[in-house]
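Letters A, B, ... are given to chains in the order of the sequence lines, protein chains preceding strands, and every chain is numbered from 1.
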2 protein chains.
Amino acid sequence: MRVKREQRPQITEESIITAAWALLGSIGIEEFSMRKLADELNIQAPSLYWYFKNKQSIFQALANEVAKEALVSATLEGPWQEQLTHFATCIKNTLNKYPCSAQLWMRTVPMDPDYLAVINTLLKIIDPLLIEESDKFALAACLLNYVISFELDKYEQRKVDLSMLGEGQEGAQVLFRQSLEQLPEEKTQVIKRMYENGLFKELGSDRMFNTGLRLIVSGIERLAHEG
Amino acid sequence: MRVKREQRPQITEESIITAAWALLGSIGIEEFSMRKLADELNIQAPSLYWYFKNKQSIFQALANEVAKEALVSATLEGPWQEQLTHFATCIKNTLNKYPCSAQLWMRTVPMDPDYLAVINTLLKIIDPLLIEESDKFALAACLLNYVISFELDKYEQRKVDLSMLGEGQEGAQVLFRQSLEQLPEEKTQVIKRMYENGLFKELGSDRMFNTGLRLIVSGIERLAHEG
DNA sequence: ACCTGAACACCGTTCAAGT
DNA sequence: ACCTGAACACCGTTCAAGT
């Protein structure tokens, strides 16, 4: 019986991408390396270079996938306010689904085809509005940046929380307290009050996301009425 | 004559920070390394660890300096809309002054004292408004993220432009054209039109910044009237 | 066509040893 | 107290060599 036949690992671009998502999910983007990715696939690191030009192009492919999924999950119906809110929520949910995808979008060249299609969809929604042509761009960028920043902040906060948890404290809250005490009262007055009211627990919540989203949509509405 | 006396390099925390800014300005944050920073100061890399715990804490100190300067450059006068606009512009200008400072703010723990003071100032400005207490936080974060994202995008665009320039083309524009052609017409319709009207040259301009800023301030105004 | 081993030029950081 | 040399455990990437 030939046993040796199947010894060779069976790698494809697809299996590399799948492994990359798994690795991002387990160790995060900072610790992500070509060698660890190769380990995940039981191959040697240089083998990866037969399928991808370099690490950046793997990240690019991952970011692409997210953009593609965000696009298909969006249904464009109803008034533009609803369309915009819905699309932004779809993007957020997609970013939330894939680990470190917000970071990937940050590191990706913004000239990527699928990423451009996302921006195009945003522009298409606000295109009928009575707004200076060159301003529409600023508005679309503003909304997209909001969604990405929101996911980034959430990730960052979770990271701080986890790293502090290991030291037997109650997470980021302790570090926060210490920072506040280093500054004079007047410079932290408001933030301190909000902290004491427990408002920090809402960081990264759906409620907070919707508030910011409403803010942006309202702002666009207002600009459109002025123009 | 004792010549050997002054052989030893005279390093201080301050001189390290100064050298770090110089290095960030010349090679950017991606290429920044402890060894190169040491070279800049004519010392060996391990010497840096006598003054700073690690690379991250140097970045932290740099980010701090930016936050401090943004704070002092802000004068809080007039109606809240003006205060907010002025403060956001001050932050943007400060970020613009120090190389890679937007990236530094992204990589910095958000629990930094001076960074918190910046958020506190934002919160203080919108504090008198009739808005749900927990929403104020979302609004402040939204505005701050907008300013940071704007500077990040500008940096990224300049980087793409420079790297393409080396290849004898007209910069990012060519890469952009190619990306557009990879997608079906309907998915790039609007963005293509805007490109052909030369609207892309406004990316990162003051005009674009002010449009987004006005959008956010208008949005807050609206939320305040509803509440 | 696909995969590996060895190597190159880098990192951040530690630490015993020097002055 | 301050600085260095040597070393450790990593990187991303290349390339001749294997199957």
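Atom CZ in A:Arg35 sits roughly 9 Å away from atom C1' in D:dT13 (whole-Å rounding). The distance from atom OH of B:Tyr51 to atom C1' of D:dC2 is 6 Å, rounded to the nearest whole Å. Rounded to whole Å, the distance from CH2 on B:Trp50 to C1' on C:dC15 is 16 Å. Between the CG atom of B:Asp39 and the P atom of D:dC3 there is a distance of 16 Å, rounded to whole Å. If you take CE of A:Met34 and P of D:dT13, they are 6 Å apart, rounded to a whole angstrom. Remark: P of C:dC11 and CD1 of B:Ile29 are 15 Å apart, rounded to the nearest angstrom. Across the protein-nucleic acid pair, B:Gln44 atom CD and D:dG5 atom P stand 5 Å apart, rounded to whole Å. What separates CD of B:Gln56 from C1' of C:dT13 is a distance of 14 Å, to the nearest Å.
The side chain of B:Ser47 contributes an N or O atom lying less than 4.0 Å from OP1 or OP2 of D:dT4. Residue A:Tyr49 has no polar side-chain atom (N or O) positioned under 4.0 Å from OP1 or OP2 of C:dC2.
Considering only the side chain of B:Pro46, D:dT4 comes nearest among D:dT4, D:dG12, D:dC3.
For the salt bridge (Lys or Arg N to Asp or Glu O under 4.0 Å) criterion with A:Glu156, the lone passing option out of A:Lys154, A:Lys159, A:Arg158 is A:Lys159.
The aromatic rings of A:Tyr195 and A:Phe176 are tilted relative to each other, their planes meeting at an angle between 30° and 60°.
Residues B:Leu62 and B:Leu24 form a side-chain contact, since some pair of their non-hydrogen atoms from C-beta on lies under 4.5 Å apart.
With a cut-off of 3.5 Å on both pairing distances, the Watson-Crick or G-U wobble partner of C:dA6 is D:dT14. Pair assignment for D:dA1 gives C:dT19, based on Watson-Crick or G-U wobble hydrogen-bonding distances that are each under 3.5 Å.
When only modelled atom types and interatomic distance are considered, A:Glu65 and A:Trp21 share a side-chain donor-acceptor pair under 3.5 Å.
Counting any heavy atom pair closer than 4.0 Å across all strands shown, A:Phe52 reaches no nucleic acid atom. Among the heavy atoms of the strands lying under 4.0 Å from B:Ser33 are primed sugar atoms or P, OP1, OP2 only; no base atom is included. Residue contacts shown for A:Phe32 are limited to sugar-phosphate atoms, with no base heavy atom under 4.0 Å away.
Residues A:Lys53 and A:Lys36 each lie close to DNA chain D; by heavy-atom proximity, the contact nearer the 5' end of the strand is made by A:Lys36.
In terms of heavy-atom proximity, B:Glu40 sits nearest to B:Ala19 at CG-CB, 3.9 Å.
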